[in-house]
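Single-structure report; data block below.
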2 protein chains.
Amino acid sequence: MTQTRPKPTGSTGEQLLFLTDEQLRQGIELMFFAYRGFTADPDLILDEHGYGRAHHRALHFINRRPGLTVNNLLDILGVTKQSLNRVLRQLVEDGLVESRTGRNDRRQRNLTLTESGRDLEAALSQAQRARMRRAYSTAGAQAVQGFREVLEQIIDPDMRNRIDRLLESRE
Amino acid sequence: MTQTRPKPTGSTGEQLLFLTDEQLRQGIELMFFAYRGFTADPDLILDEHGYGRAHHRALHFINRRPGLTVNNLLDILGVTKQSLNRVLRQLVEDGLVESRTGRNDRRQRNLTLTESGRDLEAALSQAQRARMRRAYSTAGAQAVQGFREVLEQIIDPDMRNRIDRLLESRE
DNA sequence: ATAATACGTCAGCCTTGTTGACATTCCAAG
DNA sequence: CTTGGAATGTCAACAAGGCTGACGTATTAT
């Protein structure tokens, strides 16, 4: 996610921003309304299948890192195992997710998507990407770069580290 | 994270971007994790007061547009009146929000914050703005501009209109 | 041997969303 | 003046998806 972390190469001094409460409030409201748009399209598909956002998140990250352990997923999602388990159990029962005992450490469960799990994930991803693609295209490449830089800064620092560790590194 | 860079397009007026699924997926994950950070600080304060995000949202928009009607607020928040009413009733009972019968149309209720309502809203806002301020400052002015442009494009078009109508214009 | 870890599960609670039904108040049009 | 519809409030029931606490069971680590 953070393959490029160059300091902003902007022409303006980044420490010298004058940020009014009004400007910041606009950004806050943008985040609020944009997140609604961000989840709107997948939500429609999920609803048809009787699933919710929690299922989407699980499918996404299992697809992202096949073989992910339950503990890893818990760490990424930041929920309790009871909460995740409810969702995960459904997905396994419905044949979208496979949970296999770990080879090295047999206490662990490695999670992967089945064929139909990949199908649903693809449908959800595609819907969500379509909106992002339109937004990116309309806003332009430079705006996208800024979008990414600001969002990265909004994330909790230790979460940033955890993301890199759990999602980017190889075993 | 090695991906072949797609080659640039022939220009068709606006710059057409080649957006790989991988690039879009990174944006999607950034939105997910950033939204968590975005709500983290207010959540801590809300918890101390026994409130949730729904209360924060109500306080925010009532503070934003004092005298807002219930219907306006429903439209902004996109929830049912029953859901909003539960939250609103608490806030009124706790003396944070005042609900006055409309002067022109006495069916309507105009919502305003009381002194202590403004206090809590200010505390929540301040916490949330602090994070945004740090993010903006680190990312720089140009990045902020891009951030805003992309977020605006992610919002549903008719929601964009509604926001302008309900929050920017008169009354 | 014992402790710690990874996982699953049961039970119960909370917030915040949903429908549906119904009452009240009030504006506006016939 | 009557009446339809809009705005609001409220009751009840329900669901998703968070949470805590407790417990059980493999499996690994000390």
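As the structure is a computational prediction, the values presented were derived from the model and not from experiment. Order of the sequence lines fixes the chain letters, A, B, ..., with proteins taken first and strands second; residue numbering starts at 1 for each chain. Atoms considered below: every heavy atom in the structure, side chains included; atoms not considered: hydrogens, waters and symmetry mates.
Legend: residues meeting side-chain hydrogen bond (donor to acceptor under 3.5 Å, both in side chains) with A:Glu48, ordered by chain and number and at least two apart, are absent. With sequence neighbours left out, the salt bridge (Lys or Arg N to Asp or Glu O under 4.0 Å) criterion links A:Arg89 to no other residue. For B:Ala143, the side-chain contact (heavy atoms from CB on, under 4.5 Å) partners at least two apart in sequence or on another chain are A:Glu149, A:Val150, B:Ala139. Residues passing the side-chain contact (heavy atoms from CB on, under 4.5 Å) test with A:Asp94, sequence neighbours excluded: A:Tyr51, A:Leu96. Residues passing the ring-ring contact (aromatic ring centres under 6.0 Å, His included) test with A:Phe32, sequence neighbours excluded: B:Phe61. In terms of the side-chain contact (heavy atoms from CB on, under 4.5 Å) criterion, residue partners of B:Val97 (sequence neighbours excluded) are, by chain and number, B:Leu59, B:Ile62, B:Leu91, B:Val92, B:Leu111, B:Leu113. Not a single side-chain contact (heavy atoms from CB on, under 4.5 Å) links A:Asn104 to another residue, sequence neighbours left out.
Follow the hydrophobic side-chain contacts under 4.5 Å out from A:Leu44 and you never reach B:Met159; the two are in separate clusters.
The pair B:Arg129-B:Asp41 does not count as a salt bridge, with every side-chain nitrogen at least 4.0 angstrom from each carboxylate oxygen.
Closest to the side chain of A:Asn85, from the set C:dC7, C:dT16, C:dG8, is C:dG8.
Between B:Leu91 atom CG and C:dT15 atom C1' there is a gap of 14 Å when expressed in whole angstrom units. One interatomic measurement links the two molecules: CG of B:Leu88 to C1' of C:dT16, which rounds to 14 Å at whole-angstrom precision. For the pair A:Asp43 CG and C:dG17 P, the interatomic distance rounds to 13 Å; values are reported in whole Å.
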So which protein N/O to nucleotides 28-30 of chain C N/O distances come out below 3.5 Å?
none

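If you check every strand for non-hydrogen atoms under 4.0 Å, A:Arg86 touches a base.
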Show me the donor-acceptor pairs within less than 3.5 Å that the side chains of residues 70-82 of chain A make with the rest of the protein, sequence neighbours left out.
from	atom 1	to	atom 2	distance (Å)
A:Asn72	OD1	A:Thr69	OG1	3.3
A:Asp75	OD1	A:Arg162	NH1	2.9
A:Thr80	OG1	A:Ser83	N	3.3

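Protein chain A touches strand DNA chain D; the 5'-most and 3'-most nucleotides with an atom under 4.0 angstrom of its non-hydrogen atoms are D:dG17 to D:dT28.
Between A:Asp105 and A:Tyr51, it is A:Tyr51 whose nearest contact on DNA chain D lies nearer the 5' terminus. Comparing B:Ser99 and A:Gly52, the nucleotide of DNA chain D nearest to each residue sits closer to the 5' end for B:Ser99. For the pair A:Arg109 and B:Ala54, both in contact range of DNA chain C, the more 5′-proximal nearest nucleotide belongs to A:Arg109.
Within residues 69-84 of chain A, the residues approaching DNA chain C are A:Thr69, A:Val70, A:Asn71, A:Lys81, A:Gln82, by heavy-atom distance under 4.0 Å.
Pairs passing the ring-ring contact (aromatic ring centres under 6.0 Å, His included) check and including a residue from residues 82-133 of chain B, sequence neighbours excluded, do not occur.
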